[in-house]
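Here the structure is a predicted model, which means the values were calculated and not measured. Below, all heavy atoms of this structure are taken into account, side chains as well, without hydrogens, waters or symmetry copies.
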Amino acid sequence: MTARLTMADTGHAVLRQQQGVVWLGRTVGAWQVRAIAGGQWSGAFDSGGKHFHLNPGWAAGVSAGRNILAQHGAWPYVSGSGALAVASMSGPGDQRLTAADLRIGFDAGWLFADRFDVHAVGRLFGGPVFWRRAGTTDTGTDRWHVQLGAGLGVRLAAGLSVFAEAVPLGETGASAGVAARW
């Protein structure tokens, strides 16, 4: 993931990170709720004309989502979600980057043969970023507060699914994974 940030003291900044998370979810009525935990194994932060290497860190969050409209003929399904997440990575000495995001998102797509899912995704988000270095803290936020992209998924046997998503517009990123239901 690459995040473009606007920091109060140093202006434009860029955060690059690779992250892996697992989530455990449950369906409660029409809602799907999830707890999310994971780590970041590599990162770099460019701020104030300087490049900083970031050590592995952690990520945690919660989310809830539900279907808003069911797929009907040529009309796509629409689902919505909300999430709150926090992630933190340290650097040499007393450097630490911590970011929090509150996000709402919508998916619209089609499920074919009860197995293949193709969808578009849009998200709005925002939250503070704190960069501590040399005893001072610079605060900022994302330059882009939107993501637009597309994804696909395939339901396999035994409750397994695979999925991938690419987000080329706004705050860019890509993700892929495996989900299991039991």
Side-chain angles (χ1 to χ4, degrees), residues 1-8 13-45 47 54-69 77-91 95-109 117 119-133 137-151 153 161 163-181:
M1 181 193 86
T2 300
R4 295 186 179 356
L5 308 170
T6 301
M7 305 300 290
V14 177
L15 171 63
R16 291 176 193 82
Q17 62 185 3
Q18 291 77 45
Q19 186 177 77
V21 298
V22 295
W23 52 266
L24 185 59
R26 181 168 177 88
T27 301
V28 180
W31 292 89
Q32 295 175 339
V33 294
R34 296 178 179 156
I36 304 159
Q40 301 169 116
W41 58 86
S42 176
F45 187 59
S47 179
L54 298 172
N55 298 322
W58 57 268
V62 293
S63 72
R66 67 172 291 160
N67 290 334
I68 298 169
L69 295 173
Y77 69 83
V78 177
S79 62
S81 64
L84 174 62
V86 178
S88 187
M89 300 173 82
S90 65
Q95 297 173 1
R96 177 159 297 278
L97 184 115
T98 302
D101 267 328
L102 179 60
R103 179 191 83 183
I104 60 169
F106 294 94
D107 296 14
D117 173 66
H119 63 272
V121 61
R123 298 183 186 107
L124 299 172
F125 59 91
V129 175
F130 303 98
W131 171 237
R132 188 182 74 215
R133 179 175 168 263
T137 301
D138 190 6
T139 59
T141 189
D142 298 283
R143 190 178 317 164
W144 300 98
H145 294 280
V146 63
Q147 287 187 314
L148 298 172
S161 299
F163 59 89
E165 184 177 276
V167 181
L169 301 173
E171 194 72 40
T172 61
S175 62
V178 176
R181 292 179 189 240

I need the [X] [atom1] to [Y] [atom2] distance, nearest 0.5 Å.
X	Y	atom1	atom2	answer
L102	L84	CG	CG	6.0 Å
L54	Q95	CG	CD	7.5 Å
S47	L97	OG	CG	9.0 Å
N55	S90	CG	OG	4.5 Å

Mind listing the closest non-hydrogen atom pair of [X] and [Y] along with its distance?
X	Y	value
F125	H145	O-ND1, 2.9 Å
D142	A3	OD1-CB, 4.2 Å
V129	A99	CG2-CB, 4.0 Å
G149	P168	CA-CD, 3.9 Å

I need the full list of salt bridge (Lys or Arg N to Asp or Glu O under 4.0 Å) pairs touching residues 95-108, with sequence neighbours left out, sorted by first then second residue.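 Of all non-adjacent pairs touching residues 95-108, none passes salt bridge (Lys or Arg N to Asp or Glu O under 4.0 Å).
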Hey, does the side chain of D138 reach the backbone of R132 with a donor-acceptor pair shorter than 3.5 angstrom?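 No: the side chain of D138 does not pair with the backbone of R132.
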Could you pull out all donor-acceptor pairs under 3.5 Å where a side-chain atom in residues 25-41 meets a protein atom, sequence neighbours excluded?
from : atom 1 : to  : atom 2 : distance (Å)
Q40  : OE1    : Q17 : NE2    : 3.4
Q40  : OE1    : Q19 : NE2    : 3.2
Q40  : NE2    : W58 : O      : 3.3
Q40  : NE2    : S88 : O      : 3.4

Partners passing side-chain contact (heavy atoms from CB on, under 4.5 Å) against [X] (at least two apart in sequence or in another chain):
X	answer
P128	A100, F130
R4	T2, V14, R143, W144
L69	V78

Do L5 and L15 have side chains that get closer than 4.5 Å, going by heavy atoms?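 A side-chain contact exists here, since the closest heavy-atom pair is under 4.5 Å.
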Would a 4.5 Å heavy-atom cut-off, applied to side chains only, mark D117 and Y77 as touching?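 Yes, close enough: below the 4.5 Å cut-off.
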Per the side chain to side chain donor-acceptor pair (under 3.5 Å) rule, what does the pair list look like for residues 165-177, sequence neighbours excluded?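 Non-adjacent pairs meeting side chain to side chain donor-acceptor pair (under 3.5 Å): R123-E165.
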